[in-house]
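In what follows, a single structure is set out as structure tokens and then discussed.
A, B, ... follow the sequence lines: proteins, then strands. Residue 1 opens every chain. As the structure is a prediction and not an experimental result, all values here were calculated from the model.
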Amino acid sequence: MSDQDLHRTLGLTDHEYKLITEQMGREPNEVELNMYSVMWSEHCSYKHSRSALKLFPTTSPRVIQGPGENAGVVDIGDGWAAVFKIESHNHPSAIEPHQGAATGVGGILRDIYTMGAQPVAFLNSLRFGNLETARGRYLFDGVVGGIGGYGNCVGIPTVAGEVFFEPCYEGNPLVNAMCVGIMPADQLVLGKASGEGNLVVLVGALTGRDGIHGVTFASEELSEESEEKRPAVQVGDPFMGKLLMDATLETIGKKLVTGVQDFGGAGLTCALTETASRAGTGIEVDLDQVPLREEDMHPFEILTSESQERMLLIVEPDKLKAVEEVFGRWDLKPAVIGKVTSGETVTARYRGEVVASVPAASVAGGAPVYNPESREPAYFRELANYDPLNMPLPEDYGEVLLKLLAAPDIASKEWVWRRYDYMVRTCTLQGPGGDSAVIRIRETGKALAMSVDGNGRHTYLDPYRGGMMAVAEATRNLSCSGADPIGITDCLNFGNPEKPEIYWQFSQAVEGMAEACRVLNVPVVGGNVSFYNEVQGEAIYPTPVVGAVGLLKDPAKQCVPALRRDGDHLFLLGPQEVSLGGSQYLKSWCGKVSGSLAEVDLEAERDVQDLIRDLINADLVQSAHDLSDGGLAVALAESCLSGRIGAQVNLAPSDYLPLALFGEGPSRVLFSVAPEDADRVSQLIMEAKVESSKIGIVKGDALIISHGDDIILKLELSAMQAAYEEVFSCIME
Amino acid sequence: MKFGVIVFPGSNCDLDSYHLVRDVLNKEVEYIHYSEKSVGRRDVIILPGGFTYGDYLRSGAIARFSPVMNAVAEFADKGGLVLGICNGFQVLTEAGLLPGALCRNHHLQFRCEQVFVRVDNNSLPFTLSASLGKVLEMPVAHGDGSYYAPPELLEEMKANDQIVFRYTDQNGDVTPQANPNGSLENIAGVCNRAGNVVGLMPHPERAGEKVLGSRHGLIIFKSIISYLTGREVVRNV
Amino acid sequence: MQWKAKVEVTLKKAVLDPQGAAVEKSLQALGYDGVSQVRVGKYIELNLEANDREEAAARVEDMSRRLLSNPVIEDYSYVLQEAGL
Amino acid sequence: MQWKAKVEVTLKKAVLDPQGAAVEKSLQALGYDGVSQVRVGKYIELNLEANDREEAAARVEDMSRRLLSNPVIEDYSYVLQEAGL
Ligand SMILES: Nc1ncnc2c1ncn2[C@@H]1O[C@H](COP(=O)(O)OP(=O)(O)O)[C@@H](O)[C@H]1O
Ligand SMILES: [Mg+2]
């Protein structure tokens, strides 16, 4: 095969090949071309997304490390920092759901402790097709099992997540895994190969042929052929993962390492070229020193294998012994595979011969940046023009609410999270099931709140507003628990960016997210882009997922959605402008995904979040719940169910009750207040000039909603509970 | 009074036991590495929860051959107190220090949830602060917790009062619904014949602070402490 | 006619077997040196109805592929015998 | 000399086998009627050094009893063959 054909087979364009020869000053050999091919894949090079991502605000007085490293780092006071990142493992999970999800969790875990942080929590965001097919149930069950299997075993609690079901994810489920860690701020280590003469050390699992060209696979649409091209499936080894984590953190804590880099996509090639290029150094490796699991591996296979549970350490020669001792306590044997050199070249030897010699910066960062063509898709205006208010009125609103509560998108996900150990490490103050999870920080007495959110249906109907709403909702969830949002990480799941309609969705969503981040004052400190989520040319809904982290200075003030006491007053905070466009009501009751989204007023959003946090911090709030899917009625039902107490609510006069009950819009919070505090709260709301109304009281064991003099909905807690809690057991068992 | 928490490769609740003993109970506690050949001068040894050796092959099967386990067996032989929690329980059964075996949960899933267990033997150093029949709320988090013992063994255990905890409902009634994993006769925890080695699947160390949902787990630790305090008093007289 | 099938399901050669690796290390630590290439898989026994061996084999083949093994990462093999009924 | 051992570990008859029951149910749901008595166990393959078959058998016996199976709940059986080295 001529090089011409080879580069195409490897997924590089002629233009890219030409760039490579220019940057190298010669033609690459086969091994080198393989290295370029994995690093210049979309997954590693971000060539179609880099220019749009520049829109994100990435700094704040708290940000210690923004995007560009393995994870973002944010100051949380008292000399401590939070470290977090989200990442997709969509395509591997479509092939082998259990292992795909498990290795996704393992990968994001490594990104966190690579920085020197002790991981303290996992979150995840999942999308599947429907559960009526055996394949759908298999994927769902497998992914949940894989996430739990890995997280439970490494002993990091899985504390929050979200799951949605839409036909568009049928063949291409989404599995986004997030990890949050904490560390003393001065313990930060970066993925840099600095210090000429320092040793390059590989530790962890043996290197096999698994996942070779995994990144290329992730950078293509799924098709029949991709079955054929598929690399050997990677299997996670959480046991090894845990040993590696503990030992690596110990070497970092003891200041035995100069640089640390995990092995993710593109394996050794990525680790070597990235660490060298970040430090402006070179590396010489001897591939014969890489401990192998399989015989007769070709040098390019060693260089691109994506075997899991491996770490690269940069170690000063006189510290090697101490490093070996730390790993030795867990029966792990670090292998010295090379050393840091001056110059900026990564050179690999194999059986005594140089098999590759590449400019590090070119491989790691020389890929072209594309500005793809963008075109508004035809569906956009068409769907936006649809008016959901023409739908016939339901006869029985109670029936509608029960149906929504039983919709898999909304129903209790306990079936999922009871398979996750969400308590290990005994720091979980709030586990799954609330608006955000809360993890205490023993060392500082404070706590971190965290949430992960994204609504593909919304982003499909309006990527710009959908993007804003994802950021708004994730941060609002934190605010509802009383925490200050301090940063977000995002995972952008889209179709093929080379299609102008998809790129339009992408750039619109990024613009919306960036705008929301600016107004709400939260920096983006890291994230991940997953393109080519398509099966046979059909893309998923554009699905940006936002993972937000907040700081709760006084964990005792933590607020949850559960209503507390008979007689408490119920307030609805925020603008009343809502829409049925893209709502759960329209989807589950009318069977439609259509309409336009409610206006997003980011200033109002910010004011609502500021106010609810202030009220919580002033000890004036008994419960708080963010309104999202299913609107007011569903938020009320959820608050009643988690508090095991009823409520009586009076709707504001409305011409179209489905809108009042089930309409969705941003910036709204349902909260309850003790009667003796009600006046004070009303006063503070007025002073803050935030829209709000008192809508009812906490009472009894039913949810009763009236409109004027008519009771339009009355449901016993037990009836709502049955609808809400039994769905998954029924479908899955 | 000194607690020791054994750290096997893959233990992950070692931290939780350690934290509870040190920060909540204010007692001295140290980790013991699995490669140690002695457990040193300690009064209580805790085998914590987790996934020793990834739970590969069978939960606890590989860990029980760790060097430290010989020392634990000797320590137990001499009457030292040994508490196995979750995976620690599995290790102790595999090692033969406790009777029976822990099999896959009957529903085949890992399950993390709050359960109730009843104290069915309160004459042990681990339970003497509880009244007989006391119902404790504690979490479970395991995939292999279904207790099994062959019929003859079970009879023998009953005759020796070796069944320490049973899963019950809130009122202390043994019901099938209260059984989270299919354990034989709702057995949640057992002891050896001498009563100085106890294992249980629920996590008392996760139920030691109000902010975590329950403080019922403290009864077990407080029993141990008052038992040892009593012994120290006798020794010092 | 009743048949008994014994199906062995093993991870494909190229797929990592962390379980096998842990067992191998443990056996070596127990002093069984010279032990190598440990792989841990599944063993499934079942009875089935079929008119003849051919039909029985076809059904076991089918079940193994569809349910008993995960063809993405596992291989299977089986033996069939008449069930002593 | 190199030997290959294939060890099957199965739950004792008296021990409930929820995995077997689940597989049986799934097989029946897939339309394989006439399937019964499904049991799921473990299959372990390993290579070992031994001077002769007897020595190899004794060692496999030993490993199976000590580590590969738990005698409280499991039985084991094995076959030995010369490894094609
Ligand atoms: N959507 C995004 N928003 C912000 N930062 C991003 C986004 N996507 C990728 N990044 C940043 O780009 C860098 C490279 O990402 P990635 O290749 O996924 O990292 P890794 O190889 O460590 O998994 C990271 O620092 C990541 O945080
Ligand atoms: Mg990384």
Inter-chain contacts: residues 61-90 of chain B against chain C, heavy atoms under 4.5 Å: Ile62(B), Phe65(B)
Atom NZ of Lys158(B): over 12 foreign heavy atoms under 6.0 Å: yes
Heavy atoms from other residues, nucleotides or ligands near CZ of Arg193(B) exceed 12 (cutoff 6.0 Å): no
Counting only pairs under 3.5 Å, give me each side-chain donor-acceptor contact of residues 11-18 of chain B, with atom names and distances, residues two or more places apart or in other chains.
from     : atom 1 : to        : atom 2 : distance (Å)
Ser11(B) : OG     : Phe8(B)   : N      : 2.9
Ser11(B) : OG     : Phe8(B)   : O      : 3.3
Asn12(B) : ND2    : Asn152(A) : O      : 3.1
Asn12(B) : ND2    : Cys153(A) : O      : 3.2
Asp16(B) : OD1    : Arg425(A) : N      : 3.3
Asp16(B) : OD1    : Thr426(A) : OG1    : 3.3
Asp16(B) : OD2    : Arg425(A) : N      : 3.0

